[in-house]
Every structure is written in structure tokens, then in C-alpha cells.
There are 2 protein chains.
Amino acid sequence: MSSRCGVLPIMTERNQAPSPSLVQDDKAGERPKRRGKNGDGAERHDAIYRSISDAIIEHRLKPGARLREDALSDVFGVSRTGIRKILQRLALEQLVTLTPRRGASVTRPTAEEAKDVFEARQMVECGLMPEVARRITDIDIRELRDMASRERQALRAGEQSTAIKLSAAFHERLAKLSGNATLAEFVARLCSRSSLILAVYGSSGHLGCESHDHDELIRFLEEGNGERAKAFMSRHLKTIESSLSIVEEADEVPDLHRIFMG
Amino acid sequence: MSSRCGVLPIMTERNQAPSPSLVQDDKAGERPKRRGKNGDGAERHDAIYRSISDAIIEHRLKPGARLREDALSDVFGVSRTGIRKILQRLALEQLVTLTPRRGASVTRPTAEEAKDVFEARQMVECGLMPEVARRITDIDIRELRDMASRERQALRAGEQSTAIKLSAAFHERLAKLSGNATLAEFVARLCSRSSLILAVYGSSGHLGCESHDHDELIRFLEEGNGERAKAFMSRHLKTIESSLSIVEEADEVPDLHRIFMG
DNA sequence: AATATCTCCATTGTATACGCTTTATGCCTG
DNA sequence: CAGGCATAAAGCGTATACAATGGAGATATT
């Protein structure tokens with residue numbers, strides 16, 4: 001068994017925090033980095049959280065990959081206590097699955113979850129479009145265009161990880177423009193899970209959003225046409241969903257007869 | 001300062017778990033309750049979580065109430081480690097607020113959060129009605145009627161806490177009938193937060209849902225009229241929201257002058 | 001030879017101890 | 001008499017240690 005992925009494809013972390021400040025010598029006993037007052041205590045946890053979250057969203061950590069606590073604590077240089085907190089948070093966002101005595105692993109979404117997530121996105125993201133079209137400003141449009149362009153660029157350069165994350169970020173940003181923080185956060189979580197779903201059910205070579213869909217969507221929003229934006233978003237999401245090859249691989253007892261006996 | 005509520009209005013807990021198994025003598029040193037194999041380890045945490053969550057939803061713990069870790073660990077007989085995990089989970093559901101070095105307290109929703117939450121409920125709960133109307137069965141209807149009846153009963157008996165929880169439970173159950181677990185969970189969270197919002201902005205004597213609204217809603221669902229159910233739900237939620245007296249009380253320095261000097 | 005069982009190890013669950021930050025009270029000073 | 005500072009206490013953040021459980025491998029038995 002365990003044809004799963006290896007244990008730790010986690011590359012240290014490409015910290016996007018402003019302070020690189022070598023990580024591993026924190027464990028050396030003394031504490032050389034008492035910068036401000038406490039400062040990086042909570043920020044460090046948040047950075048680690050984003051690090052793992054990004055790795056999952058970008059498919060550097062694939063569904064089913066196990067996340068052992070002391071391996072993570074080794075990599076990030078904090079003790080298991082902090083790691084557990086982070087894993088628990090990721091579990092609540094359903095990016096990792098916490099099996100009671102078995103530890104954490106990257107969630108492998110089921111087909112039904114996939115359906116639910118895209119149904120939810122249909123309802124919420126589409127429902128948000130009119131309000132977004134109403135509230136969007138020129139600055140927002142410029143920023144969205146920039147994101148879309150960077151996404152296209154990454155896609156063309158073959159940087160799948162980056163493209164996936166930018167695509168999710170685009171949808172999240174869009175939702176945030178509605179001004180409703182609660183719904184925006186919900187959309188953000190749905191986008192993360194969508195990324196996971198793409199990792200499992202996505203056909204390779206065709207990752208999520210079409211190259212120019214986002215640009216077209218921006219155009220509708222720019223002209224304040226909320227209804228067309230809504231319709232387009234609906235079509236957009238349907239396109240993504242229908243591109244999935246949901247085969248619901250039989251988890252339990254994988255039909256050895258059918259597999260081997262033909 | 002600290003004209004807040006006292007420290008611990010937590011009455012031990014009216015455990016709804018099947019095993020009462022006295023709680024407080026766990027701290028007595030020995031561990032007399034090693035029942036099955038591990039059994040109550042995780043279940044116990046879940047019970048504590050529900051205990052606190054219920055207390056918040058039922059307004060036995062009011063917004064702003066501080067939740068000190070060792071006080072809770074004393075009450076429930078588990079160490080701070082477990083309490084922290086639970087508090088973190090509650091924080092992620094936005095029932096409690098975790099201030100970095102200050103500990104946990106019951107969240108006091110802002111006016112904007114209230115608006116966002118009800119806007120989200122409008123979008124999701126109403127959007128779910130057609131599907132619910134399509135999938136509802138006779139058994140579901142009977143169960144919903146029972147819940148509504150129990151709610152009315154509690155309301156009439158003056159048991160506010162029970163009525164509030166039953167009302168939220170009704171909406172949650174309804175959402176679950178849609179078959180979409182993701183959206184159902186979102187609705188559940190919105191309902192919890194709504195309860196909190198009612199605690200802060202609700203005019204007393206008029207808590208949330210009207211007595212007979214739920215019964216009427218059931219009727220529409222029973223006849224499979226998703227659109228009317230949707231419209232009714234929309235009106236229902238609007239009624240609740242407009243019953244709030246959102247005054248955005250000045251949080252800081254609770255106006256001691258106005259309070260004591262008249 | 002295959003399966004069941006036993007044992008050991010890897011890994012998580014929980015508690016406790018320690019340090020740091022914040023807060024409150026008392027004292028000193030202007 | 002009022003306001004600021006210092007000291008003490010209390011509570012949170014983190015790490016480490018210990019216990020317990022589940023799994024994998026080895027061995028014995030049928």
C-alpha cells in the first residue's frame with residue numbers, strides 16, 4: 001500500500017514575509033532574534049500557515065500527502081505545539097484532514113464535495129457580481145487587469161503553481177470587492193478547496209480558468225453590467241467544473257476482480 | 001474599564017452527551033475513567049466545544065465576556081492545552097475573539113458584520129429554498145414541524161435560551177436538507193453568528209424569528225413551491241434584520257458619564 | 001505457504017513547566 | 001491632590017516530557 005506521495009515535498013519556504021531572518025538557528029538554544037518586542041511570534045505562525053497553505057494550493061503538496069508534526073516542526077523551526085495549531089486551522093478550512101490517531105494529511109476531496117463546492121461557488125460568486133459591478137472603481141479594475149495579466153503570463157511560462165494560485169487569488173479579490181467580508185472569506189475558502197479539487201480531478205494541461213475569461217469578466221464589470229458579469233461568471237464556473245474528470249475512484253476494496261480479471 | 005460581564009457565568013454544563021460521568025473529580029490526581037480504549041478523549045473535547053458554543057448561542061455567555069483559559073480548564077477538568085484548541089476552533093468560527101496577549105472573549109459583532117451576515121443569509125438561505133423544496137420528504141417535514149413546535153413552546157414558556165437555539169437549529173436543519181454539505185455548514189455558522197448579533201442588537205422581548213413564520217415556511221416547502229418558500233424566507237430574514245436596533249454603540253469607554261451622571 | 005498474533009517503534013494526545021507580556025495597585029513626586 | 005512610575009501578580013505563548021495508541025514487521029502455528 002501507500003502508493004501515496006512521499007513524506008515531505010515541502011521546500012523550506014519561500015517566505016513572502018519581509019524578514020528572511022534565518023530560521024533554523026532558532027532551535028540552537030539561544031534566541032538571537034528578539035527584534036521588536038514580541039513581533040514575530042504570531043507573525044511567524046501566520047507565515048508558516050501561509051507557507052503550507054500555499055504549498056497545498058499550488059499543488060506542491062498533493063492530496064493524500066502526509067504532514068507529520070515533527071517533520072514540519074523540524075522544517076520550520078518551531079515546536080510541535082505551534083505546528084498543531086496551524087494544522088488544526090488548516091483542518092477547519094478543510095485543506096488538510098486530521099485523522100484522530102494518524103495525524104494530518106492533505107485533504108483528498110470526494111466527488112460529492114467537488115460538486116458541493118462548485119454549486120456553492122455558483123450561488124455565491126454569481127450572486128455577488130451585481131454588487132461588485134456597482135462598487136468597482138478604476139483602481140480595482142487596474143489591479144484586476146494586472147492580476148489577470150500576470151496569470152496569463154504564468155500560464156504561458158508553464159508555471160502551473162503560480163497560475164493556479166493567481167487564478168484563485170483573482171476570484172478571491174473579486175469577491176472582496178463586494179464589500180461583504182463574510183461572503184468574501186467564504187469564497188476564499190471555496191477557492192482554496194477548488195484548487196484541491198483541481199489537483200485530484202483536473203485533467204492535466206488544462207488548469208482551471210481559461211486564459212482570457214478573466215479579462216472578459218473584467219470588461220463586463222468595467223461597463224457596470226452586473227447581469228452580464230453574473231451570467232459570464234456562471235458560464236465560467238460551469239466550464240471549469242465540466243472540465244473535471246470526476247470518476248470517483250473506488251476507494252474501498254478497489255474491485256480487484258474487475259481490475260485484474262478483466 | 002471592564003464594565004464587562006464577570007468572569008465565569010458558565011454553569012458547569014448540561015451535558016447532552018449520553019455519559020454524565022462526573023466531571024470535576026478528574027482533577028483529583030488519579031484517572032478513574034479509562035473506560036473503553038481511548039473513547040472519550042476526542043469526544044470529550046467535542047462535548048466541551050458544544051458546551052461553550054451552546055452557552056454563547058443561548059446568550060448564557062454574553063458578548064464581551066472573557067474566557068480565561070485556566071478558568072475553563074478548571075471547570076471542565078482538562079488542561080489548558082485542550083481548552084486552547086477549543087478556543088481556537090471557536091475563534092475560527094468567529095464566536096470568540098482571540099486577542100493576541102489578552103486571551104479569549106465572546107465576540108461582539110460590529111454593525112457591519114451584522115449587515116454582512118444577514119446579506120449572506122439572504123443570498124444563501126434563499127438560494128437554497130428551491131432545492132430544499134425539491135428534495136424534502138415527509139419525514140423531513142414531520143421533523144421540521146416538530147422543531148418549530150418545540151420552538152414555539154419554548155417561546156411561550158419564556159425560555160429564551162432554548163428558543164434561540166431551536167430557531168438557529170431550524171435554519172441549520174433546513175439548509176442541510178439541500179444536500180449540499182458545504183453550504184449547510186456555512187449557513188450553520190451564519191446562524192451561530194446571527195445569534196450573537198441578536199444578543200447585541202436585538203431588542204429584548206422580540207428574539208429573532210416570529211412564532212409562526214417557520215410553520216408557514218414549512219407549508220410552502222410541503223407543497224413543493226420553492227419560489228414562494230424562497231420569497232417567504234427572504235421576507236422572514238428581512239423581518240429579523242429590521243427588528244435589530246443597530247445603533248453602533250461606542251465600544252470604547254462605555255460612556256460612564258452618560259451611564260452614571262444621567 | 002499463508003495467516004494470525006505478538007511485539008516494538010513511530011507518531012500523536014495531553015499535561016505541565018517556564019518565560020514574557022500585560023495589567024493593576026501602591027508609592028513617590030511634582 | 002493628581003499623575004506617573006515601579007513593582008508585583010496574573011494570564012497567555014511556547015516548548016518539552018511522558019503516556020498511549022495504531023501500524024508494520026517478524027515469528028510461530030496451522
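In the text below, chain A, chain B and the rest are named by the order of the sequence lines, each starting its count at 1.
The phosphate of C/dT14 (OP1 or OP2) has a side-chain N or O of B/Lys85 nearer than 4.0 angstrom. Residue A/Arg68 places at least one side-chain N or O under 4.0 Å from the OP1 or OP2 atom of C/dT11.
Side chain to side chain, A/Ser194 and A/Arg121 meet the donor-acceptor criterion of an N or O pair below 3.5 Å. In this structure, a donor-acceptor pair under 3.5 Å is present between the side chains of A/His171 and A/Glu125.
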Stepwise side-chain hydrogen bond (donor to acceptor under 3.5 Å, both in side chains) check, B/Thr97 with B/Thr107 = CA-CA 5 Å; B/Thr97 301; B/Thr107 298; 2.8 Å; yes
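Atoms NE2 (A/His45) and P (D/dT14) sit 5 Å apart, rounded to a whole Å. If you take CD1 of B/Ile48 and C1' of C/dG13, they are 14 Å apart, rounded to a whole angstrom. Here D/dG22 presents its P atom at 6 Å from CZ of A/Arg101, a figure rounded to the nearest Å. One can place CG of B/Asp70 at 14 Å from C1' of C/dA15, the figure rounded to the nearest angstrom. The nearest whole Å value for the distance from the CG atom in B/Leu67 to the P atom in D/dG11 is 13 Å. Put simply, CZ on A/Arg102 is 19 Å from P on C/dC9, counting in whole angstrom units. Distance CZ (A/Phe76) to P (D/dT14): 16 Å, rounded to an integer number of Å. Between the CZ atom of A/Arg84 and the P atom of C/dA15 there is a distance of 11 Å, rounded to whole Å.
The CD atom of A/Glu185 sits 7.5 Å away from the CD atom of A/Glu93 when rounded to the nearest 0.5 Å.
Side-chain atoms of A/Tyr201 do not come within 3.5 Å of backbone N or O of A/Leu196 as any donor-acceptor pair.
The listed nucleotides are C/dT21, D/dA15, C/dT12; the one nearest the side chain of A/Val78 is D/dA15. Side-chain proximity of B/Ser79 to C/dT22, C/dT14, C/dA15: nearest is C/dA15.
Checking A/Arg80 against B/Thr99, the closest nucleotide of DNA chain D that is more toward the 5' end is the one next to B/Thr99. Mapping A/Gly103 and B/Thr81 onto DNA chain C by nearest heavy atom places A/Gly103 at the nucleotide closer to the 5' end.
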